[in-house]
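Naming: A, B, ... by sequence-line order, numbering from 1 per chain. Quick caveat: nothing in here was measured; it's all calculated off a predicted structure.
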2 protein chains.
Amino acid sequence: MLTNHLRKDLVANLRSDAGLASALRVSLTRLNRRLRRQAVGHSLTPTQLATLAAVERHSGITPGELAEHEKVQPPSMTRVIAALEERGLVSRAPHPSDRRQVTVSVTDQGTRLLKEERRRKEAWLAQRLKELTPEERAVLRQAAPILEKLSRN
Amino acid sequence: MLTNHLRKDLVANLRSDAGLASALRVSLTRLNRRLRRQAVGHSLTPTQLATLAAVERHSGITPGELAEHEKVQPPSMTRVIAALEERGLVSRAPHPSDRRQVTVSVTDQGTRLLKEERRRKEAWLAQRLKELTPEERAVLRQAAPILEKLSRN
DNA sequence: GGTATATAGTTAGCAAAGGTAATGACATAT
DNA sequence: ATATGTCATTACCTTTGCTAACTATATACC
């Protein structure tokens with residue numbers, strides 16, 4: 001009964017653009033909270049994991065670039081990197097040309113953890129996706145890049 | 001250049017279902033962080049706002065139900081309700097039949113704030129949506145109920 | 001060349017928001 | 001009547017973000 005009310009509100013509002021913004025915001029917030037909970041008990045927080053993945057993809061990236069990439073302030077990124085380094089998942093090295101800067105790279109251990117973590121990190125979401133119809137999945141497949149775009153500046 | 005890499009990764013991965021889960025998770029996390037930042041300076045946090053809206057929709061709801069609805073643990077909800085009550089936006093009353101429980105209702109002031117807040121609460125997202133193509137918006141319009149569904153149990 | 005300004009990363013201190021464990025009051029089952 | 005269960009709350013801790021301030025280095029300008 002609770003959910004039915006919500007459902008109706010959502011559908012009704014969706015016709016307008018403001019309604020779309022509203023519905024999206026609510027859904028995003030709740031889904032994210034849900035996702036976050038899945039990380040409990042796992043080894044890394046979502047932000048640490050995302051950062052580690054970004055470091056893997058862009059080896060030699062600087063903290064500043066990482067901060068921008070993850071939409072976080074530099075001090076926050078410093079802490080994330082420190083936590084990852086402490087666990088031996090990434091390593092810091094001086095920047096070749098600019099001694100103010102630092103480069104960050106993933107270690108073997110980081111790569112391994114990433115691989116291992118990746119398998120189970122989407123377990124919950126993948127399971128939920130499996131419960132959708134192929135059409136619904138197709139919609140999300142189209143939506144993912146757009147959501148990604150929205151998060152960019 | 002950084003974003004281009006990301007773009008490519010996303011698109012490449014999206015073909016598989018596991019890739020969809022992965023891409024969605026990353027996008028959702030980042031977008032949410034973005035959204036959260038927009039709330040700074042506003043009067044209520046996203047969770048408080050969502051809770052207030054839920055209370056408005058389901059007048060007389062109990063803290064436990066609210067916690068479940070917002071996917072939060074009961075103690076967290078207690079705090080959210082306390083914050084809202086302190087601002088005079090909701091009120092607590094004894095449950096009619098079960099004296100362990102409590103009912104929560106929105107006050108006039110809460111309704112007013114909700115209306116006011118709603119106007120500007122999606123400003124950022126709405127602005128971003130405006131920058132999308134009509135086709136992209138159409139995709140999100142389809143996606144919103146599916147994301148909502150995913151966040152339910 | 002030397003001084004001023006800008007930039008990258010970090011450190012320090014703070015706040016928000018969530019979680020678990022424990023508690024108290026009440027309800028329910030045996 | 002007693003034991004167990006449930007709801008809300010309290011107490012305490014953790015995580016993770018922020019801003020402001022600091023240090024080291026780079027760059028611009030005179």
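- Looking at residues two or more places apart in sequence or on another chain, you find a side chain to side chain contact (heavy atoms under 4.5 Å, CB included) between A/Ser59 and A/Ser105.
- Not one side-chain nitrogen or oxygen of A/Thr62 sits closer than 4.0 Å to the OP1 or OP2 atom of C/dA8.
- Between the C1' atom of D/dT6 and the NE2 atom of B/His95 lies a distance of 13 Å, rounded to the nearest Å.
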Distance-only donor-acceptor hits, side chain of residues 74-84 of chain B, under 3.5 Å, sequence neighbours excluded:
unit_1  : atom_1 : unit_2  : atom_2 : d
B/Thr78 : OG1    : B/Pro74 : O      : 3.3

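- Regarding contacts with the backbone of D/dT9, a side-chain N or O of B/Thr78 is found under 4.0 angstrom from either OP1 or OP2.
- Put simply, the side chain of B/Arg79 and the base of C/dG19 share a donor and an acceptor less than 3.5 Å apart.
- Nearest to the side-chain atoms of B/Pro63 among the listed nucleotides D/dT9, C/dG18, C/dA16 stands D/dT9.
- Note on A/Pro75: a base of the nucleic acid sits closer than 4.0 angstrom, heavy atoms only.
- For B/Arg92 and D/dA8, the shortest distance from a side-chain N or O to OP1 or OP2 is not below 4.0 Å.
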Exercise. Going through the checks in order, is the side-chain contact (heavy atoms from CB on, under 4.5 Å) test met by A/Thr107 and A/Thr111?
Worked result: CA-CA 6 Å; A/Thr107 63; A/Thr111 306; over 6 Å; no
Polar atom pairs (N or O), protein with nucleotides 3-5 of chain D, under 3.5 Å:
unit_1 : atom_1 : unit_2   : atom_2 : d
D/dG5  : N2     : B/Arg100 : NH1    : 3.0

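- In terms of position along DNA chain D, the nucleotide closest to A/Gln48 lies nearer the 5' end than the nucleotide closest to the other residue of the pair A/Gln48 and A/Asp98.
- Every side chain to side chain contact (heavy atoms under 4.5 Å, CB included) that B/Gln101 has, sequence neighbours left out, goes to B/Thr62, B/His95, B/Asp98.
- For B/Ser76, no side-chain nitrogen or oxygen approaches OP1 or OP2 of C/dA17 to under 4.0 Å.
- Rounded to an integer number of Å, the gap from B/Leu49 CG to C/dA17 C1' is 15 Å.
- Put simply, CD on A/Gln101 is 13 Å from C1' on D/dA24, counting in whole angstrom units.
- Every residue two or more places apart in sequence or in another chain that forms a salt bridge (charged side-chain N to carboxylate O under 4.0 Å, His left out) with B/Glu131 is listed here: B/Arg128.
- Nucleic acid contact for A/Pro74: base, since at least one base atom lies under 4.0 Å from a heavy atom of the residue.
- Here B/Glu85 pairs with B/Arg92 under the side-chain hydrogen bond (donor to acceptor under 3.5 Å, both in side chains) rule; sequence neighbours left out.
- The interatomic distance linking B/Gln73 (CD) with C/dA22 (P) rounds to 15 Å, in whole Å.
- If you measure from atom CG of A/Leu66 to atom P of C/dT10, you get 11 Å, rounded to the nearest angstrom.
- At least one side-chain heavy atom of B/Leu132 sits less than 4.5 Å from a side-chain heavy atom of A/Lys149.
- At the heavy-atom level, B/Thr103 lies nowhere under 4.0 Å from the strands shown.
- Note: CZ (A/Arg99) to C1' (D/dA24) measures 9 Å, nearest angstrom.
- The two residues B/Leu89 and B/Leu113 make their nearest non-hydrogen contact at CD2-CD1, 3.9 Å.
- Here D/dA8 presents its C1' atom at 15 Å from CD of B/Glu68, a figure rounded to the nearest Å.
- In this structure, B/Met77 places its CE atom 15 Å from P of C/dT20, rounding to the nearest Å.
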